[in-house]
Undergrad: 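Handing you a structure now.
Basis for what follows: all heavy atoms, side chains included, without hydrogens, waters or symmetry-related copies. Quick caveat: nothing in here was measured; it's all calculated off a predicted structure.
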Amino acid sequence: MRTILGIWAHPDDEVFTSGGLMADAVRRGDRVVCLHLTRGEAGLYHRQVWPARDLGAVRTAELEASLARLGVTEQRFLDLPDGGLCLVAWDEVVARLHDELVDVDPDVIVTFGSDGFTGHPDHRALSSWVSTAVRLWEKPSARVLQAVVPRAWERTAVHRLNEFDFFWPGYPDFAGPADAGIRLDDELVEAKVDAVKAHASQMDCLFEAYGDDFFRSILSTEVYRTGVRPAFRSRTLQDARRP
């Protein structure tokens with residue numbers, strides 16, 4: 001049995017990028033843990049502004065329902081501020097992420113690459129922190145997988161998703177030929193679509209606009225590139241500080 005740890009910025013990041021991988025791992029009997037830095041409290045509720053505390057509670061409940069559909073039962077929060085991760089003390093977050101790596105002891109870490117998948121600043125900040133925390137960690141055998149936008153989305157999905165401000169300007173960085181793709185079977189696709197739907201406050205508008213079949217088609221493939229490995233680590237948190 002392997003342990004897989006997903007590290008994400010907001011609820012719903014995990015399912016769009018790796019819902020199939022998680023559900024397949026659970027199906028094989030692996031342990032899957034999700035760690036979110038925020039509760040998504042700075043987002044919108046069905047495209048409307050909502051009080052942060054109320055929205056955070058809604059999105060926490062949605063995440064629980066979404067992960068349950070994938071069979072994932074372990075979830076953790078760092079409760080950092082949504083939309084302001086770049087303002088959080090860098091070494092403090094790296095230290096907390098390092099502690100989580102030591103505690104969970106994953107064989108595989110799944111997270112964002114430096115582009116943050118959608119280009120969101122919170123996603124890109126998280127990628128930098130995770131890369132540094134992994135370098136500090138004493139488990140050279142662990143693998144890091146960074147989610148990449150499938151190349152097919154360039155034709156089929158990006159222009160539609162951008163009608164709802166899905167990608168930040170200048171993004172995404174599409175998968176290249178060296179990146180590893182996973183084609184999901186029908187059972188995994190249905191589980192993933194249901195899990196995306198569970199994030200109703202964020203996703204209802206997209207499903208109403210484009211329908212289930214559109215999401216079945218774009219969510220049926222996940223692509224990853226290999227990220228930084230723990231073998232190439234700094235010696236201390238002080239060494240790892242940004243200049």
Undergrad: Hey, could you give me the CD1/OG distance between I109 and S131, rounded to the nearest 0.5 Å?
TA: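 Separation between the atoms: 10.0 Å.
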Undergrad: Among all residues two or more places apart in sequence or in another chain, which pass the salt bridge (charged side-chain N to carboxylate O under 4.0 Å, His left out) test with D185?
TA: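 Partners of D185 under the salt bridge (charged side-chain N to carboxylate O under 4.0 Å, His left out) test: R27.
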Undergrad: Taking all non-hydrogen atoms of both residues, which atom of F117 and which atom of V149 are closest, and how far apart?
TA: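 In this case the closest contact between F117 and V149 is O-CG2, 3.4 Å.
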Undergrad: Is the backbone N or O of A9 less than 3.5 Å from a side-chain atom of D122, with the two atoms forming a donor-acceptor pair by type?
TA: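 No, the answer is negative, given that no donor and acceptor are paired below the 3.5 Å cut-off.
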Undergrad: For residues 7-20, which residue pairs pass the salt bridge (charged side-chain N to carboxylate O under 4.0 Å, His left out) check, not counting sequence neighbours?
TA: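 Checked against salt bridge (charged side-chain N to carboxylate O under 4.0 Å, His left out) - neighbours excluded - the pairs reaching residues 7-20 are D12-R59.
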Undergrad: For F215, enumerate each residue passing the ring pair (Phe, Tyr, Trp, His ring centres under 6.0 Å) test, keeping only those at least two apart in sequence or located in another chain.
TA: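 F215 satisfies ring pair (Phe, Tyr, Trp, His ring centres under 6.0 Å) with F207 only.
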Undergrad: Please report the closest heavy-atom contact between L80 and E41, naming both atoms and the distance.
TA: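 Shortest heavy-atom separation between L80 and E41 comes out as O-OE2, 3.8 Å.
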Undergrad: What residue pairs, at least two apart or across chains, pass salt bridge (charged side-chain N to carboxylate O under 4.0 Å, His left out) with a residue in residues 169-184?
TA: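 Sorted pair list: D173-R225, D179-R225.
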Undergrad: Please list all pairs meeting salt bridge (charged side-chain N to carboxylate O under 4.0 Å, His left out) that have one or both residues in residues 156-171, counting only residues at least two apart or in different chains.
TA: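 Only R47-D165 qualify under salt bridge (charged side-chain N to carboxylate O under 4.0 Å, His left out).
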Undergrad: Please check if V223 and I182 belong to a single hydrophobic cluster, counting links between Ile, Leu, Val, Met, Phe, Trp and Tyr side chain heavy atoms closer than 4.5 Å.
TA: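 The answer is no; the residues belong to distinct hydrophobic clusters.
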Undergrad: Please collect all salt bridge (charged side-chain N to carboxylate O under 4.0 Å, His left out) contacts where either partner lies in residues 198-208, sequence neighbours excluded, each pair once.
TA: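 Residue pairs with at least one partner in residues 198-208: there are none.
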Undergrad: Hey, are E62 and S201 close enough side-chain-wise for a donor-acceptor pair under 3.5 Å?
TA: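 Their side chains do contain a donor-acceptor pair, which is all the 3.5 Å distance test asks for.
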Undergrad: So, for L70 and G19, which heavy atoms are closest and what is the spacing to 0.1 Å?
TA: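 Nearest heavy atoms, L70 then G19: CD2-O, 3.7 Å.
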